[in-house]
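Notes for the one structure printed next.
Any value given below was found using the heavy atoms of this structure, including those in side chains, with hydrogens, waters and symmetry copies removed.
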Amino acid sequence: MATLKITKKHHKHFNNPFPATPNSLPLICGTLYLNSHKLPSHQIYTIGIDFHLNWSSKNGGFVSISHKSDPARTLWSTIPGEPFISAAIVETEVEESRGSFLIKDKLIRSVSNHQTIEDIKIINEYDHKDHVFPSFKNPLFPVLMITGKVFGVDKRKKNVIFSRRKEKEISTCARYWLLFDQKECNQVGFQVRIGKPDLELPQRVSPRSYKSFSLKFGRIRRCRGGWFGGLLSRKKSVCTVSSADQENVAMKSSAGVVNGFNRICVTSSSERNEKIFGFGEQFSHMNFKGKRVPIFVQEQGIGRGDQPITFAANLVSYRAGGDWSTTYAPSPFYMTSKMRSIYLEGYDYSVFDLTKDDRIQIQLHGDSFEGRILHGNSPCELIECFTGSTGRPPLLPEWIISGAVVGMQGGTDTVRGIWNDIQRYDVPVSAFWLQDWVGQRETVIGSQLWWNWEADETRYSGWQQLIQDLNMQHIKVMTYCNPCLAPMDKKPNIRRHHFEEAKKLDILVKDKNGEPYMVPNTAFDVGMLDLTHPLTANWFKQILQEMVDDGVRGWMADFGEGLPVDACLYSGQDPIAAHNRYPELWAKINREFVDEWKSTHIGKGREDPEESLVFFMRAGYRDTPKFAMLLWEGDQMVSWQKNDGIKSAVVGLLTGGLSGYALNHSDIGGYCAVNLPFFKYRRSEELLLRWMELAAFTTVFRTHEGNKPSCNSQFYSNNRTLSHFARFAKAYKAWKFYRIQLVKEASQKGLPICRHLFLHYPEDEHVHSLTHEQFLVGTEILVVPVLDKGRENVKAYFPIGESASWKHIWTGKLYSTQGSEAWVEAPIGYPAIFVKEEVEKESKRGRQSGESGSLLKPSGKERNEKTSGESLTKETIADVLEEQNEMMLHMEEAVVAIATHYRTGTPTSNQNVAKTLASPEANKKRDEGGNDRLDAFTKGLCRVEKEMNEQMSQIPGAPTIIKGVGAKRYGILFYLESATPIPIPKRQL
């Protein structure tokens, strides 16, 4: 990028807590001029086989593109009479501080905001060699090219005269080429090239040859309220040109020299009521109409506008608070409520300006522009079209979606102690994720990891034995790494010094002096791996191999968003573009290792699913799903707030899902805590419990202690949190069979597991306004989470276009009215979850069985057959979730009966409790046991008797029911200590 200034703010310790909005190139407007001698008044051109371009000279001229299957529906169009290609020369400054970046325009040196169309022509197989697009390979003919010029008037001149006196005025001008070619049956590619600015005006012809020109000689009239001859106005200017005026005109920039264009803008039309979704993983908004959306990978920030934390973060570290637009994983992609969709190719910084109701302007920092226009009849088709080109995630190993991933720190003894505790609650556990496996050190900000990717056997004594012991229980161990390396001069027990090895191999990113670029990171500096160096990938794969040889089966591949924009890379690539590409290269190295390990370790033609590897990461860009196996949303605050708390975790899931990030999840409870004298953000127990309920209906159910574990409520903090954790780990496991199907669908079509309702109900305008309030899991489960402190009810919306009823899993109540809202009770432990009930199928089955309107459940044998097959019906989903609820109710009845007896002395209990515990339903479940997917349910009731003993030990004077048993299982204690609808306060027990 030319004319670029980079300012470092790493070590500025006292900053403006309310930083100003950065200056940037405003929306560019101008006038479109037509060569009527060459251009027809109207014509339809063919692009490839499946697309048409419609040209019309009406209202000043416009073009539109449609698919031949529906020629009346426009996929992309320009604004009549206004330019759709423009360019500028702009001086840019990038301010950088510890992974946060601010890109702002300092001086706009020249704007070419007017456009001429000189020719629209078809390129056939016989003449395609004449074009100017070097990346134009193997096109599907015919392709279409539009040519002309962009030009602008210098801002220092209010009026410019193109007269017969041949006065020399100041202007910039360059030729452009715009090419359209069919890429796939549902994609049109477009490329823009702009030549270097020259010193002459566009070729002058007779005024009458341009219909947009005045028929008399005179001045170019500046647009009312415009800038640079109409830069900010939609009003058309009127231009007169003398046909005799052929002289060159001198052009000067503000610096006295002519530079090439470093901004290209493409403008298309939009409708006032059109909603615009996408742009990668965004955390604050779903609909971006009215906003300017920058596409640049960086730290998401601490607070992102939520106060007072953003104030505090900005105060102590430059712009560390971020704002609504900062994100780890943006994507230059959008889709609209009118089923229009575009994405950009390449990695240059771009800004999508959606501030005007009638247009979308994409401003690209670079000298060329490539993208694709997508065709689809629904949001799901557009996602499938988009991910068909950019890539989709692989199938996840089944083990990671079978139970909880327990995030722990503290060393071997701590892990074993927590493992013993959660065994007593019968928590289904998939893995222990141990991010501090490399050891910890004390810094000025607290405990931090040693960034040297090998096990610290002082902290984790008997490391390999711990892994083996957990593996014997079918529990994997996961670890942590990132593409940065820290000097280990002060660490006593290292075996390999990775920083020094990388330095000797010369595979670290370099600064302008050719030395390893030491990047500030919190309290220490690190070197970053140069992922463009040919030796880097194999070297880092050796580190991963040693980790896996110990028995590790998964890891967090953290960071990837912090490549400095003044770094020097082995490839010589522009670091601005390389910055956005870096997280994709980081994912690619990890994925290559997984694939290579699978092909060599397991044996030819066979894979043991228990041994499959998986990694997850937070930074990403457009093509990341092609490489990354799983994403997580990064470091949310431990708060209820909108922009960086639990609400933002929902929005990130849904915006990312619309943008191709199909497999995603968040840290349960959030990550970032603050414990300063005047700024305290600590994870409350209520927030933790509600986040568990939310996470139970996402791709992966994973805990994190956070950056300050001692300040936060943890899943192991007390009996209530442990019981709640067990309950929702089982709820998560309950729909595993459906989750497997959705992961397969994500791999095949790119559709997310957690879905905004827009994906399946795009015609429902109320759905367009939803953000964090509710979401779908696949198509069959509707989740309305509690995301506000102290709330015990939620407002659910049941969309228009759904013929099925929605069944509340806790009460069985059906909601059948489309487009209706209902307040639903949702106390802790009972989040508002609904599953589909097909009305027609329900009535049909009822008539066949002689039961009016009842939904017949398959027998135990039939259900086992269903759950062991590849596909399951939506009724089965409802059955499994409902069975869990029924079992919980049996347990509640037992607890209530026993507690009532010992509280009041009423002689109810013994026979009634025995009857409840030995009910036909419980006995039937015992007899039908053996299916893995229903194991939690069939075994749960069989253990109720034993669990009652432990509960009775909590009640003074209560005898034991069964001697010798002390298990705290299946979360019974939860019902005595939490605010669930059980009419027995603990104090009365």
Looking at [Y] and [X], is any side-chain nitrogen of the basic one under 4.0 Å from a carboxylate oxygen of the acidic one?
{"X": "E592", "Y": "K588", "value": "yes"}
{"X": "D181", "Y": "K183", "value": "yes"}
{"X": "E745", "Y": "R755", "value": "yes"}
{"X": "E345", "Y": "R622", "value": "no"}
{"X": "K736", "Y": "E398", "value": "yes"}

Which atoms form the tightest heavy-atom contact between [X] and [Y], and what is the distance?
{"X": "L663", "Y": "I753", "result": "CD2-CD1, 3.8 Å"}
{"X": "G280", "Y": "Y661", "result": "CA-CE1, 4.0 Å"}
{"X": "V519", "Y": "P564", "result": "CG2-CG, 3.8 Å"}
{"X": "A502", "Y": "L529", "result": "CB-CD2, 4.2 Å"}

Give the intermediate values and the outcome of salt bridge (Lys or Arg N to Asp or Glu O under 4.0 Å) for residues D667 and R702. CA-CA 6 Å; D667 297 330; R702 181 180 58 82; 2.4 Å; yes
Is the centre of the [X] ring less than 6.0 Å from the centre of the [Y] ring?
{"X": "F540", "Y": "W586", "answer": "yes"}
{"X": "W399", "Y": "H474", "answer": "no"}
{"X": "W324", "Y": "H285", "answer": "yes"}
{"X": "H665", "Y": "F616", "answer": "yes"}
{"X": "Y334", "Y": "F288", "answer": "no"}
{"X": "Y349", "Y": "H579", "answer": "no"}

When Y343 is tested against each of F333, Y621, F386 for ring-ring contact (aromatic ring centres under 6.0 Å, His included), which residue passes? F386
Only one of F499, W450, W451 passes ring-ring contact (aromatic ring centres under 6.0 Å, His included) with F524; say which it is. W451
Under 3.5 Å, is there a donor-acceptor pair between the side chain of D574 and the main chain of I576? yes
Could you check whether any side-chain N or O of S331 sits under 3.5 Å from a backbone N or O of S659, counting only pairs where one atom can act as donor and the other as acceptor? no
Can you tell me if [X] and [Y] form a side-chain donor-acceptor pair at under 3.5 Å?
{"X": "Q435", "Y": "T479", "result": "no"}
{"X": "D623", "Y": "T390", "result": "no"}
{"X": "Q298", "Y": "E561", "result": "no"}
{"X": "S648", "Y": "R304", "result": "no"}

Option from E281, Q300, E299 for which side-chain hydrogen bond (donor to acceptor under 3.5 Å, both in side chains) with R618 holds: E299
Pair E584-K626, salt bridge (Lys or Arg N to Asp or Glu O under 4.0 Å): steps then yes or no: CA-CA 9 Å; E584 290 186 1; K626 181 190 303 182; over 6 Å; no
With M339, the side chain to side chain contact (heavy atoms under 4.5 Å, CB included) member among L75, L382, N377, L374: L382
